[in-house]
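Before any comments, here is the structure.
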Amino acid sequence: MSTLATTTFFSEGLLGSQGALVAAAAIGVAFGFFLEKGGFGSSKKLVAVFYMRDFAVLKVMFGAVVTALIGIRVLAAAGAVDLGNWYQMETFLVPQIGAGLLFGMGFVMGGWCPGTAVVGAVSGRWDAIVFLGGAGIGSLIYAGAYPAIEPLTSEGALGVSTLDGVLGVSPGVAALLVIVVALGAFIGSNRLVAWRARRTA
Amino acid sequence: MTSQTLPEPLQPDDPKAARYWNPYLAGIGLGVTLLVSYVVLGAGLGASAPVARAAAEAVHAVAPAAVEANAYMGGWFDDGSPLAHYLVFMVLGVALGGFISARLSRRVRPQVERGPRASVRLRLVMALGGGAVVGFASRLAAGCTSGQALSGSAMLLTGSLAFTAAIFAGGFVSAPLFKKVWR
């Protein structure tokens, strides 16, 4: 009985079913709504994080991670969900760290990331539409280069790896660590913005 | 003292537009959305895969054989259209939800958003180039800020946490290069 309650579209192999597509669209509406409310329909607001002027990106992102993280741990501890029925991406350290560095550069260069560019596009930002075109081109370049770079894409493979496993602690302790880092980032970013404002005043 | 010197977060240029939400409140809303996605779908959020799939579909219209033979994208055509995917429907929802919010807050305004000293041309060239870098990087990481940084980090996945840290490192280090676009 409990297994029935904790199954997901993913665990049943039904992510392509009509029900899953409708659910995904509804989840997307909420996703886009909160992104826009946070100010992510504006590229100036987004890149301000990298010029240490406005840390909304960091606060919204880490705020979301901490919220979901706590929810996941509480539901899992209560037996209300079975994380084995959830899609967990494998770790490939080398391409993921390299991609992150590139992504950060592309983010400040182009002013958007894929999800926020969609919100920007419907807010009237022509630069967001051009960015999405560029992202499509970048995806095609990757597909074209894939045969040549395929060995690199699995460098540093750790399988499905979690922070608690790497550190040899319980998931709760690892979650607490991420929360502490997020809180430190919130406090530190506020101090940094105040310090910069004083210096440029 | 510290709170007095803390400058105002950026708000819309248009005085008629509503102010943005407190970032922590928007973050909680986004986090609950992510949690619901995991509980219902068994998968997190995503935005870069639909962009790649749309690009594949567009090229497929002119060069079907080449796309179907591609080692990376070819498999997307096994069951028909690559657009018949839950993340494609999610991103359509993102467009609708974003528009509803922007409209309610009077923030829909056609423009090329850029810094005071940047030309439209420079901004659009940078948007195209930055988009290409982000599109490539998202495939290399198997996800973007949505699928890896948000969804994977909330699951404590090692690669997602490393990717997130690398995004901030890459952004901060390269920001001086693009000052002309934004300042």
Side-chain angles (χ1 to χ4, degrees), chain A residues 8 10 21 24-25 27-30 32-34 36-39 45 50 54 56 59-60 63-65 67-69 71 86-87 91 96-97 99-106 108-110 113-115 118-119 122-124 126-127 130-131 134-136 138-139 142-143 146 161-163 194 197, chain B residues 5-7 9-10 20-21 23-24 26-31 33-35 37 42-43 47-48 51-52 55 72-73 86 89-90 93-94 97-99 101-102 109-110 112-113 127-128 130-137 139-141 144-146 153-154 156 158-159 163 166-167 170-171 174-175:
Chain A
T8 62
F10 169 74
L21 300 185
I27 289 162
V29 170
F33 184 89
F34 291 120
E36 205 287 329
K37 285 291 176 231
K45 175 95 173 168
F50 299 117
D54 181 334
K59 290 173 181 173
V60 173
V65 167
T67 302
L69 184 66
W86 295 11
Y87 175 47
T91 290
Q96 283 174 324
I97 290 172
L101 294 171
L102 270 178
F103 193 107
M105 189 193 87
V108 64
M109 181 182 182
C113 59
V118 171
V119 176
V122 296
S123 303
W126 292 104
D127 43 293
V130 171
F131 178 92
S139 310
Y142 180 82
Y146 185 74
S161 165
T162 54
L163 183 65
Chain B
T5 53
L6 200 63
L10 294 187
Y20 299 126
W21 277 11
Y24 301 118
I28 290 170
L30 207 54
T33 304
L34 173 57
L35 186 62
S37 184
S48 61
V51 176
Y72 187 73
M73 292 178 160
Y86 75 102
F89 283 75
M90 186 178 285
V94 169
F99 181 73
S101 170
R109 199 163 59 117
V112 175
E113 202 182 10
L128 189 70
V133 172
V134 165
F136 183 93
R139 291 306 91 222
L140 184 57
C144 62
T145 16
S146 306
S153 297
L156 297 171
T158 308
F163 177 71
I167 288 176
S174 60

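Sequence lines set the chain letters: A, B, ... in the order given, protein chains first and strands last, and positions in each chain run from 1.
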Largest heavy-atom contact set with chain B, pairs under 4.5 Å, which of [options]:
{"options": "Gly38(A), Gly63(A), Gly136(A), Ala25(A)", "answer": "Ala25(A)"}
{"options": "Asp127(A), Thr91(A), Val122(A)", "answer": "Asp127(A)"}
{"options": "Gly106(A), Gly115(A), Ala30(A)", "answer": "Gly106(A)"}

Pick from [options] with the largest number of heavy-atom pairs that fall under 4.5 Å of chain A:
{"options": "Ser146(B), Gly135(B), Ala52(B), Ala55(B)", "answer": "Gly135(B)"}
{"options": "Val134(B), Val94(B), Leu128(B)", "answer": "Val94(B)"}
{"options": "Leu34(B), Thr33(B), Val51(B)", "answer": "Thr33(B)"}
{"options": "Pro9(B), Ala47(B), Ala26(B), Ala175(B)", "answer": "Ala175(B)"}
{"options": "Ala132(B), Ala141(B), Ser101(B)", "answer": "Ser101(B)"}
{"options": "Ala102(B), Gly93(B), Ser153(B), Ser174(B)", "answer": "Gly93(B)"}

Can you measure from [atom1] ([X]) to [atom2] ([Y]) and round to the nearest 0.5 angstrom?
{"X": "Ser37(B)", "Y": "Phe10(A)", "atom1": "OG", "atom2": "CZ", "answer": "12.5 Å"}
{"X": "Ser139(A)", "Y": "Leu140(B)", "atom1": "OG", "atom2": "CG", "answer": "11.5 Å"}
{"X": "Ile97(A)", "Y": "Ile167(B)", "atom1": "CD1", "atom2": "CD1", "answer": "12.0 Å"}

Aromatic plane relationship, Phe33(A) with Trp21(B) - under 30° parallel, 30 to 60° tilted, over 60° perpendicular: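 Geometry flag for Phe33(A) against Trp21(B): perpendicular rings.
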
Mutual orientation of the aromatic rings belonging to Phe103(A) and Phe163(B) [parallel < 30°, tilted 30-60°, perpendicular > 60°]: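 Correct class here is perpendicular.
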
Short side-chain to backbone donor-acceptor contact, Lys45(A) and Leu10(B), under 3.5 Å: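 Side chain of Lys45(A) to backbone of Leu10(B): a pair is present.
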
Residue pair Leu35(B) / Thr67(A), side-chain heavy-atom distance below 4.5 Å: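 No; the side chains remain at least 4.5 Å from each other.
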
Non-hydrogen side-chain atoms of Cys113(A) and Cys144(B) separated by less than 4.5 Å: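 Not in contact.
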
Nearest heavy-atom neighbours spanning Ala24(A) and Tyr86(B):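 For Ala24(A) and Tyr86(B), the tightest heavy-atom pair comes out as CB-O, 3.3 Å.
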
Closest heavy-atom pair and its distance - Gly98(B), Val119(A):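 Closest pair (atom of Gly98(B), atom of Val119(A), distance): CA-CG1, 4.3 Å.
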
